[in-house]
Amino acid sequence: MPELPEVETIVRGLRNQLTHLKFSKVAVNLEKCIQGSPRSFACFLEGKRILHVERRGKNIVIRLSGGHTLLIHLRMTGRLWVVPGDAPLEKHTHVVFSFQGRPWQLRFLDPRQFGRLTVEKSRAGAESAALAALGPEPLEISDRKFVSLVRSKRRSVKPLLLDQHFLAGVGNIYADEALHRAQIHPRQRVERLEGKIILRLFRALRQVLQEAIRAGGTSVRTFVDAHGSAGRFQKFLRVYGREGEACRTCGAAILREKVGGRSSYYCPRCQPIRRYKLKNQPREIVAIDPGN
DNA sequence: CTGCATGTTAGGTT
DNA sequence: CAACCTAACATGCA
């Protein structure tokens, strides 16, 4: 479900509601959702105050009093939503958070049970390992930084965009949409892309992410925001999920092909594989190691 | 019944 | 190391 724009939409919906509140009760119904001991997870949170709600990549980051952090990753089908405390428990509700002086609850539900909640206790000067391992935020880095990052890699472009260590927050939908806007084939090798095409990709990516945030995310399966509203960006998708339909640019039929193990939708006419001249390629081994 | 799914990671091989 | 592949996680849907 959630990529960067969907997580951003959820975070914005939760921020006003949760900031400054204190947890009163934390009930865990499915232990495997919690990293570490579910008992200590609940005990630790109860009484802690929420200072801020943020996003990093696809993670929801809840900053707590004492320098501690609650991290929530929704993976494929996780959902967070705010409901009255007396609302009936939806199927697959795995964690319920209650707050001092508030009649409603924050509930985590997830049919596929892939989502994870983690308490990171503060350690002097250290950001949590999970967040530290992420690549930079696509909406925060410079053109120059993106181009130089891409130039340090030798891979197909689509799996590179999906690699959270390379760049944080891009998933299957927005990778395909950005590649179509930039007219790049998902299997294109990045070492064969000219600088100006890499820049075009970055601009397309930023644009599609920003438009999707403005539209409240993409609801193609189950995505709804923290208050149950669907997103609107699915109406503007140009390739994702449109196999066999006409390209909105040229009319050719959209193809679907596995790239790096993921379904990839693209226009065969608008997104050709490019073969720019390779410059500064290491040609040969300079010194031969004699071994022993 | 089959195949597929907006994500991540462990454990391989090249 | 870097890149690449597959399976696994568990459920619902077409």
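All values reported here derive from a predicted model rather than from experimental measurement.
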Colleague: For A:L149 and C:dA3, give me the distance from atom CG to atom P, rounded to whole Å.
Modeller: 12 Å
Colleague: Say we look at B:dA5 and C:dC4: how far apart would their C1' atoms be, to the nearest angstrom?
Modeller: 22 Å
Colleague: Taking atom C1' of B:dT9 as reference, at what distance in whole Å does atom CE of A:M76 sit?
Modeller: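 One finds 14 Å between C1' of B:dT9 and CE of A:M76, rounded.
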Colleague: Write down the distance between NE2 (A:H165) and C1' (C:dA2), rounded to a whole number of angstrom.
Modeller: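 Distance, rounded to whole Å: 12 Å.
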Colleague: Can you tell me the pairing partner of B:dA5 across any strand shown, Watson-Crick or G-U wobble, with both distances under 3.5 angstrom?
Modeller: C:dT11
Colleague: Select one nucleotide: of B:dG7, C:dT11, B:dA5, the one nearest the side-chain heavy atoms of A:E3.
Modeller: B:dG7
Colleague: Is the distance from OP1 or OP2 of B:dA5 to the nearest side-chain N or O of A:S263 less than 4.0 Å?
Modeller: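 True: A:S263 side-chain N/O within range (under 4.0 Å) of B:dA5 OP1/OP2.
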Colleague: Considering only atom P, compute the distance from B:dT8 to C:dC1 and round it to an integer number of Å.
Modeller: 23 Å
Colleague: Give the nucleotide from the list C:dC4, C:dT11, C:dG12 with an atom nearest to the side chain of A:K91.
Modeller: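 In terms of side-chain proximity for A:K91, the closest of C:dC4, C:dT11, C:dG12 is C:dG12.
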Colleague: Which atoms form the tightest heavy-atom contact between A:P2 and A:M76, and what is the distance?
Modeller: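 Nearest heavy atoms, A:P2 then A:M76: CD-O, 3.8 Å.
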Colleague: Scan A:Y174 against the nucleic acid and name what it touches under 4.0 Å (heavy atoms): base, sugar-phosphate only, or nothing.
Modeller: nothing
Colleague: With the side chain of A:R189 defined as its heavy atoms from C-beta on, choose the nearest nucleotide among C:dC4, B:dT8, C:dT11.
Modeller: C:dC4
Colleague: Taking the basic N atoms (NZ, or NE/NH1/NH2) and the acidic carboxylate oxygens, is any pair closer than 4.0 Å for A:E257 and A:R187?
Modeller: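 Looking at A:E257 and A:R187, the cut-off is met.
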Colleague: So, do A:H180 and A:Y266 have ring centers that fall under 6.0 Å from each other?
Modeller: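 That pair fails the under 6.0 Å test.
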Colleague: Donor-acceptor pair, A:T19 side chain versus A:R15 backbone, under 3.5 Å?
Modeller: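 Yes, because the side chain of A:T19 sits within donor-acceptor range (under 3.5 Å) of the backbone of A:R15.
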Colleague: State whether A:Q164 places a side-chain N or O below 4.0 Å from either non-bridging phosphate oxygen (OP1 or OP2) of B:dT8.
Modeller: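 Yes, within the criterion.
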Colleague: Quick one: label A:G171 by what it contacts on the DNA or RNA (base, sugar-phosphate, nothing), any heavy atom closer than 4.0 Å.
Modeller: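 Here A:G171 touches the backbone only, sparing every base.
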Colleague: Would you please confirm or rule out a distance under 4.0 Å between OP1 or OP2 of B:dT8 and any side-chain N or O of A:K58?
Modeller: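 So the side chain of A:K58 is within the cut-off, an N or O lying under 4.0 Å from OP1 or OP2 of B:dT8.
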Colleague: Taking atom P of C:dC9 as reference, at what distance in whole Å does atom NE2 of A:H94 sit?
Modeller: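 Going from A:H94 (NE2) to C:dC9 (P), I get 16 Å.
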Colleague: What is the distance, rounded to the nearest whole Å, between atom CG of A:N59 and atom C1' of B:dT9?
Modeller: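 Distance, rounded to whole Å: 14 Å.
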Colleague: If I take atom CG in residue A:L162 and atom P in nucleotide B:dT8, what distance separates them, rounded to the nearest angstrom?
Modeller: 9 Å
Colleague: Quick check for you: among C:dA10, C:dG12, C:dA3, whose closest atom lies nearest to any side-chain atom of A:H92?
Modeller: C:dG12
Colleague: Could you check whether A:R55 pairs with A:E137 (Lys NZ or Arg NE/NH1/NH2 to Asp/Glu carboxylate O, under 4.0 Å)?
Modeller: yes
Colleague: Please determine, by modelled atom types, if A:Y174 and A:T218 share a side-chain donor-acceptor pair under 3.5 angstrom.
Modeller: yes
Colleague: Side-chain N or O of A:K153 versus OP1/OP2 of C:dA2: is the shortest distance under 4.0 Å?
Modeller: no
Colleague: Report yes if a side-chain nitrogen or oxygen of A:H73 is closer than 4.0 Å to either non-bridging phosphate oxygen (OP1 or OP2) of B:dT8; otherwise report no.
Modeller: yes
Colleague: Below 4.0 angstrom from OP1 or OP2 of B:dC4, is there any side-chain N or O of A:R256?
Modeller: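 No.
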Colleague: Is there a donor on the side chain of A:R112 or the base of B:dA5 sitting less than 3.5 Å from an acceptor on the other?
Modeller: yes
Colleague: Taking CZ from A:R116 and C1' from C:dA8, how many angstroms apart are they, rounded to a whole number?
Modeller: 12 Å
Colleague: What is the separation between atom NZ on A:K32 and atom P on B:dT8, rounded to the nearest whole Å?
Modeller: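 About 17 Å, once rounded to whole Å.
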Colleague: Using the aromatic ring of A:F114 (for Trp, its six-membered ring), decide whether it stacks on the base of C:dA10 within the limits of 5.5 Å and 30°.
Modeller: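 According to the criterion (under 5.5 Å, under 30°), no, A:F114 does not stack.
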Colleague: Using the C1' atom in both, what is the distance from B:dC1 to C:dC9, to the nearest Å?
Modeller: 22 Å
